[in-house]
Amino acid sequence: MADSNLYDKIIELAKRRGFFWPSYEIYGGLSGFYDIGPFGLNLKRKIIEAWRQMFIKNHQGLVVEVETPLVGPSIVYEASGHVENFTDPIIRCKECGRIYRADHLVEEKLGINAEGLSILELESIIKSKGLRCPVCNGELEDVKSFNLLFKTQIGPYEGNDGFIRPELAQGIFVAFKRIFESLRGKLPLGIAQVGKVGRNEISPRQGMIRLRDFTIMEMEFFFDSEKCSCNFADKHYGEKINILPYELKSKDMGFVTTTLGEAIKKGYIINKCMAYWMFIGKLFLQGIGVPEDNMYFEEKGEKERAHYSKQTFDHMVKTSRWGWVEVAGYSYRSDYDLSKHETYSRASLKVFEPFEKPQVVKKKRVIVDKAYIGKVFRSKAKYILERIENLDVEYVISELKNKNALLVDGMKIPKEAIKIVEKEEKVSGRKFIPHVVEPSFGVDRLLYIALEYAYKEKNGRVVLSFPRAFSPLDAVVLPLIEDDEKLAEKAKHLYSYLISEGFDIMYDDTGSIGKRYARADEIGIPAAFTIDYQTLEDDTVTIRDRDTWEQVRVKMSDVPKILKKFIYNSTDIKQLGIE
RNA sequence: GCGGCGGUAGUCUAGCCUGGAUUAGGACGCUGGCCUGCCACGCCAGAGGUCCCGGGUUCAAAUCCCGGCCGCCGCACCA
């Protein structure tokens with residue numbers, strides 16, 4: 001895997017065979033954008049399907065999938081903290097063009113704590129102190145803010161700004177209450193989404209690894225933080241996990257291999273739910289073809305984490321060109337997002353949990369003589385009543401006791417107009433904001449990684465040995481000889497038959513049979529059916545295994561059944577033959 | 001964004017330093033023909049190029065110079 005040319009070979013192959021390539025090529029290309037071609041899209045679709053299987057279908061009743069819009073109004077991203085935290089103040093040198101973080105520059109050069117300062121404040125400090133470029137001593141331009149959100153305008157009116165979502169999560173948080181209620185209010189609940197997001201990276205590199213427009217697969221897993229109910233994690237405590245906790249990272253150690261149970265017990269993973277989904281994520285990547293030794297979970301330090309996160313693990317996978325690459329992040333977002341949206345939207349996003357038995361609580365209440373207030377204060381009455389309502393009962397009691405009256409904005413309400421009553425109240429449950437754990441995968445990175453792990457060379461030929469279920473196509477149908485109408489007729493019949501059975505099939509009759517096998521191997525097609533002269537006699541065909549190049553004969557009528565077995569049960573081809 | 005290196009048919013590349021006889025050469029792939037009874041077979045013919053884009057220098061630019069775009073590496077950046 002130390003072959004750094006592997007990347008070049010894959011990029012070349014991906015372009016030539018139509019897996020993916022840089023977008024807008026005829027206009028010179030545009031950094032951070034990639035097109036995905038026919039074979040690449042099939043593969044991508046299968047990766048997404050596998051994720052759905054692992055995270056959603058295998059957890060029916062616990063995890064659901066939704067779809068929310070790509071563009072959101074600015075208030076949503078103000079609430080989520082992205083407008084504020086996704087922005088860096090930057091400043092550019094007029095002479096050499098170097099760009100600095102304006103706040104960092106002020107802190108370093110002037111020793112002023114610049115945290116939280118606005119653009120204008122930074123600007124005036126820099127101007128008044130005559131700060132210049134620390135490298136070339138050139139004059140500096142004005143401070144600008146750089147936000148990684150793609151901004152757009154909604155409708156024809158200026159000022160009605162919107163943003164392209166930088167993650168899928170906000171669409172889910174905003175719709176949480178509706179989804180939760182429509183599913184009859186049960187926790188824990190996972191809400192998943194697959195879709196495109198946009199992040200206006202300053203300078204994307206690394207091809208498919210860092211894009212400005214890409215597909216992610218996310219799940220927001222909502223649970224009651226007071227009783228972390230992820231008991232389904234328990235039976236997997238013996239499972240192996242490669243993990244690098246932050247405390248070990250500073251010691252410059254590599255990851256450690258331990259068990260899920262140990263990682264929780266030692267406090268490496270602070271939340272059981274998170275641990276469980278990390279385990280599922282591990283299985284998912286193994287399915288794509290990444291061996292366990294080539295992946296681990298790396299904890300992010302406090303400053304490296306996103307603004308919403310209490311703990312984050314990056315799911316790292318080894319690549320030939322870039323070493324360890326993050327393909328997924330697992331964040332403990334606590335109740336950060338729902339709380340923020342509650343504040344900004346003024347909608348209650350709390351969940352109600354009934355007690356087993358309603359509790360009876362004695363409670364003092366302030367009863368105001370509304371008729372008196374109305375008569376005396378007239379138009380101010382409504383305001384006064386509202387104010388009193390919001391006062392603490394104990395405060396009212398002590399005021400009445402000490403002053404024989406209650407003062408509201410200087411207005412005096414006599415003791416006689418206020419009564420304190422003690423009442424029994426029934427409390428039937430508690431309200432709380434659920435906590436959230438979020439596993440989030442980058443599909444396009446996985447697409448590249450699937451290719452890299454599938455790439456093999458055999459006898460000087462390239463073979464993409466995808467796990468069979470992940471191959472862009474299921475099988476290829478080949479007449480042995482190019483120009484034989486009888487063979488062609490049989491082959492086309494098999495071709496249509498397999499298509500009608502729901503398989504993704506390619507038909508290839510051009511060139512020598514060897515060349516066509518090679519071609520299919522390079523695309524990663526796991527099975528090849530060859531129609532030869534024996535087929536004309538007894539209706540049998542050969543099935544060839546992409547990885548071993550072994551062949552056995554099977555009955556033509558059995559082909560769909562056999563192909564299904566071959567692809568989904570990882571069956572050895574030798575067990576499929578007639579004898 | 002800075003610095004270094006690079007950008008030539010679908011793909012990989014020769015040519016660039018030392019500007020002109022190069023009609024921009026080759027390999028693979030592609031198309032057609034012949035051939036072909038199981039692993040990129042052979043022979044023949046053919047199509048395919050804004051030499052990344054723009055400007056400049058020059059009688060003349062793929063070639064030299066400047067700017068831009070894109071890619072790789074390093075730095076910076078990467079909620």
Side-chain angles (χ1 to χ4, degrees), chain A residues 4-5 7-9 11-18 21-33 77 80-88 90-93 95-101 104-105 133-136 138 141 146-149 166-167 169 197 199-207 209-212 300 303-309 312 314 321-322 326 329 331 333 336 440 458-463 478-484 487 510-522 528-536 541-542 544-546 548-551 553:
Chain A
S4 72
N5 292 326
Y7 175 79
D8 295 320
K9 287 178 185 171
I11 293 302
E12 187 269 320
L13 177 63
K15 264 202 246 180
R16 192 162 41 79
R17 286 292 180 202
W21 57 86
S23 300
Y24 310 111
E25 271 183 310
I26 65 165
Y27 287 104
L30 183 60
S31 252
F33 298 89
Y77 292 99
S80 71
H82 284 90
V83 169
E84 190 192 338
N85 295 298
F86 221 36
T87 308
D88 290 335
I90 54 172
I91 191 161
R92 185 172 187 274
C93 170
E95 306 300 324
C96 70
R98 284 186 174 81
I99 289 185
Y100 305 93
R101 279 280 295 267
H104 290 182
L105 199 65
C133 176
V135 173
C136 76
E141 290 178 359
F146 184 80
N147 194 304
L148 272 66
L149 291 169
E167 57 172 4
V197 299
R199 299 179 189 185
N200 200 6
E201 300 285 351
I202 293 169
S203 114
R205 291 265 184 86
Q206 304 174 306
I209 302 294
R210 237 174 114 208
L211 299 172
R212 287 184 165 125
K300 299 273 100 182
K303 284 182 182 162
E304 304 163 323
R305 288 200 296 265
H307 59 276
Y308 48 70
S309 171
T312 294
D314 282 349
R321 168 73 56 107
W322 293 299
E326 174 197 350
S331 288
R333 301 180 74 134
Y336 176 87
S440 171
K458 189 171 176 182
N459 298 2
R461 298 171 13 178
V462 173
V463 180
L478 315 159
L480 182 62
I481 304 300
E482 226 176 315
D483 295 317
D484 186 310
L487 291 181
T510 316
S512 75
I513 189 70
K515 186 183 278 189
R516 284 178 276 156
Y517 285 141
R519 197 142 57 200
D521 287 346
E522 205 181 59
F529 293 102
T530 305
I531 282 73
D532 56 19
Y533 288 99
Q534 196 181 325
T535 312
L536 301 178
V541 296
T542 61
R544 168 189 179 271
D545 179 354
R546 171 197 66 198
T548 62
W549 295 0
E550 278 169 357
Q551 274 177 307
R553 289 199 87 80

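Throughout, a chain's letter reflects where its sequence line sits, starting with A, and its residues are numbered from 1.
In terms of phosphate contacts, R17(A) brings no side-chain nitrogen or oxygen within less than 4.0 Å of OP1 or OP2 of rC30(B). Within the structure, every side-chain polar atom (N or O) of S512(A) is placed at least 4.0 Å from both OP1 and OP2 of rC39(B). Taking side-chain N and O atoms only, W549(A) has no distance below 4.0 Å to OP1 or OP2 of rC38(B). A close approach under 4.0 Å does occur between a side-chain nitrogen or oxygen of Y7(A) and OP1 or OP2 of rC72(B).
Checked against a 6.0 Å centroid threshold, the rings of Y7(A) and W322(A) count as neighbours.
Here rU11(B) is the nucleotide among rC30(B), rU11(B), rU36(B) with the atom lying nearest to any side-chain atom of R16(A). Closest to the side chain of L480(A), out of rA40(B), rC78(B), rC38(B), is rC38(B). Here rC41(B) is the nucleotide among rC70(B), rC41(B), rC12(B) with the atom lying nearest to any side-chain atom of K515(A). Side-chain proximity of Y533(A) to the nucleotides rG37(B), rC12(B), rC70(B) is greatest for rG37(B). Of the candidate nucleotides rC35(B), rC12(B), rC39(B), rC35(B) has the atom lying nearest to any side-chain atom of E482(A). Listed candidates were rU11(B), rC72(B), rA40(B). Nearest to the side chain of R321(A) is rC72(B). Proximity note for E522(A) (side chain, C-beta onward) versus rC39(B), rA40(B), rC12(B): the nearest is rA40(B). Closest to the side chain of R461(A), out of rC70(B), rA40(B), rC38(B), is rA40(B).
Residue T530(A) is classed as a base contact, given a heavy-atom separation below 4.0 Å to a base.
rA62(B) makes up no base pair with any nucleotide shown, lacking Watson-Crick or G-U wobble contacts both under 3.5 Å. Across all strands shown, rU11(B) forms a Watson-Crick or G-U wobble pair, both distances under 3.5 Å, with rA27(B). Base-pair partner of rG71(B): rC5(B) (Watson-Crick or G-U wobble, both distances under 3.5 Å).
Spacing between rC64(B) and rG15(B) at atom P, rounded to whole Å, works out to 13 Å. A gap of 12 Å separates the C1' atoms of rU50(B) and rA62(B), to the nearest Å.
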